[in-house]
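Order of the sequence lines sets the chain letters (A, B, ...), proteins ahead of strands, with each chain counted from 1.
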There are 2 protein chains.
Amino acid sequence: MKKNKKVTSRIEKLCAENGVKFTHQRRIIAEVISNSDDHPDANEVYLRANKIDSRISLATVYRTIKLFEEYNVLNRIELGGKRARYEELNEDEHHDHLIDIDSGEIIEFVNEEIENLQMKVAKKLGYELVDHRMELFGKKILKKN
Amino acid sequence: MKKNKKVTSRIEKLCAENGVKFTHQRRIIAEVISNSDDHPDANEVYLRANKIDSRISLATVYRTIKLFEEYNVLNRIELGGKRARYEELNEDEHHDHLIDIDSGEIIEFVNEEIENLQMKVAKKLGYELVDHRMELFGKKILKKN
DNA sequence: CTATGTGCAAAGGGTTTGCAGGGGA
DNA sequence: TCCCCTGCAAACCCTTTGCACATAG
């Protein structure tokens with residue numbers, strides 16, 4: 001699901017456009033997120049960023065994450081009151097998640113058919129579908145030998 | 001979406017079966033939830049229960065909510081890091097939510113077609129679908145006069 | 001009677017914020 | 001330079017928990 005390897009420059013551009021400084025910390029956090037395929041939480045992002053440069057604090061990670069969310073570069077995944085997890089967000093593509101209830105692993109998938117039905121449901125209720133969130137919780141099917 | 005008006009007795013039975021006391025507080029909290037059609041959060045449940053009987057504390061509301069969740073009498077709805085909200089859960093029926101992004105209103109709906117597709121998706125990924133969560137976020141379509 | 005449940009207040013855990021110093025543009 | 005950004009630690013908010021007392025069965 002990782003197609004856009006240029007988040008860093010994409011963010012740099014967004015910062016420039018919005019008159020926001022592209023700081024050292026923001027660059028590193030952008031890189032960390034770009035290089036993470038595993039939906040890390042804020043603390044994990046902090047640890048990874050901090051390993052690259054110890055000048056980065058958890059507070060900055062939170063502030064930066066929020067900024068990136070506003071720029072639609074980052075997507076927050078809420079998992080039942082626990083720590084929120086994050087993933088890079090590409091402009092063109094949308095996917096949902098299947099969560100392995102045993103391992104916590106998150107698998108991404110795309111299903112247009114469901115998306116279309118969602119739009120239809122919303123319309124029928126008198127709403128324009130603006131966004132949606134869908135998570136499936138599953139148990140791995142073990143192959144019989 | 002409120003079909004089962006007998007949650008109270010349903011819970012009483014569950015308590016008996018599990019060797020758990022059906023206390024005064026549990027009865028009142030059960031009633032409050034049964035009489036709420038608006039997905040209240042824990043604090044709101046506390047306020048409503050407390051109005052009926054001031055002996056009820058917020059801690060007990062949380063403990064009771066957790067108990068009812070285990071009994072599958074109550075369903076937790078997580079909305080983006082804010083307070084969790086709750087709704088009565090009926091044994092037979094499953095529904096999802098459409099949230100009005102302007103008013104915060106929650107509308108319930110049922111769509112079997114989507115449920116079937118979800119099962120299919122999970123299966124294709126090698127998983128047995130155990131549960132799911134789906135929220136649509138929509139904007140009310142204003143009728144043109 | 002006694003194990004379970006409760007109220008209270010304090011602790012927890014994730015996230016946010018005030019402040020004074022730091023550093024991009 | 002000048003304001004935005006950052007680190008630090010404290011504050012916040014919702015939720016959970018330890019303890020001593022209360023109570024359902």
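Within residues 66-73 of chain A, no residue has any heavy atom closer than 4.0 Å to DNA chain D.
In the set dC8(C), dC14(D), dG14(C), the nucleotide with an atom closest to the side chain of Arg83(A) is dG14(C).
Judged by distance alone, the side chain of Thr64(A) and the main-chain N or O of Thr60(A) form a donor-acceptor pair under 3.5 Å.
Ion pairing between Arg27(B) and Asp53(B) fails under the 4.0 Å rule for side-chain N and carboxylate O. With respect to Lys66(B) and Glu70(B), no salt bridge is recorded, no charged nitrogen being found less than 4.0 Å from a carboxylate O.
Between the C1' atom of dC19(C) and the CZ atom of Arg63(A) lies a distance of 11 Å, rounded to the nearest Å. Distance Ile28(B) CD1 to dA24(D) P: 12 Å, rounded to the nearest Å. When rounded to the nearest whole Å, the span between CD1 of Ile56(B) and C1' of dT23(D) equals 15 Å. Atoms CD (Glu78(A)) and C1' (dT15(C)) sit 11 Å apart, rounded to a whole Å. Between Tyr46(B) atom OH and dC8(C) atom C1' the separation is 11 Å, expressed in whole Å. Following rounding to the nearest Å, Arg27(A) (CZ) and dC5(D) (P) show an atom-to-atom distance of 16 Å. Between Leu58(A) atom CG and dA11(D) atom P there is a gap of 18 Å when expressed in whole angstrom units. One atom, CZ of Arg76(B), and another, C1' of dT16(D), lie 12 Å apart when rounded to the nearest Å.
Take the nearest nucleotide of DNA chain D for Val61(A) and for Tyr86(B): the residue whose nucleotide is more 5' is Val61(A). Nearer the 5' end of DNA chain C, as judged by each residue's closest nucleotide, is the contact made by Gly19(B), out of Gly19(B) and Ser57(B).
Considering only side-chain N and O atoms, Arg26(A) lies under 4.0 angstrom from the phosphate OP1 or OP2 of dT6(D). Put simply, Tyr62(A) has a side-chain N or O that comes within less than 4.0 Å of OP1 or OP2 on dT15(C).
Listed here is the closest heavy atom pair of Ala84(B) and Arg76(B): CB-CG, 3.8 Å.
The shortest side-chain heavy-atom distance between Met134(B) and Phe109(B) falls under the 4.5 Å cut-off. In this structure, the side chains of Phe137(A) and Arg133(B) come closer than 4.5 Å at one or more pairs of heavy atoms.
Taking CG of Asn75(A) as the start and NE2 of His95(A) as the end, the distance is 6.5 Å to the nearest 0.5 Å. To the nearest 0.5 Å, atoms CD1 (Ile99(A)) and NE2 (His132(B)) are separated by 12.0 Å.
His97(A) and Glu135(A) are not linked by any side-chain donor-acceptor pair at a separation below 3.5 angstrom, with hydrogens and angles left out of the test.
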## Note on the structure
Reading nucleotides 20-25 of chain C from 5' to 3' and marking B where a protein heavy atom lies under 4.0 Å of the base, S where only the sugar-phosphate is that close, and - otherwise, the string is ---BBS
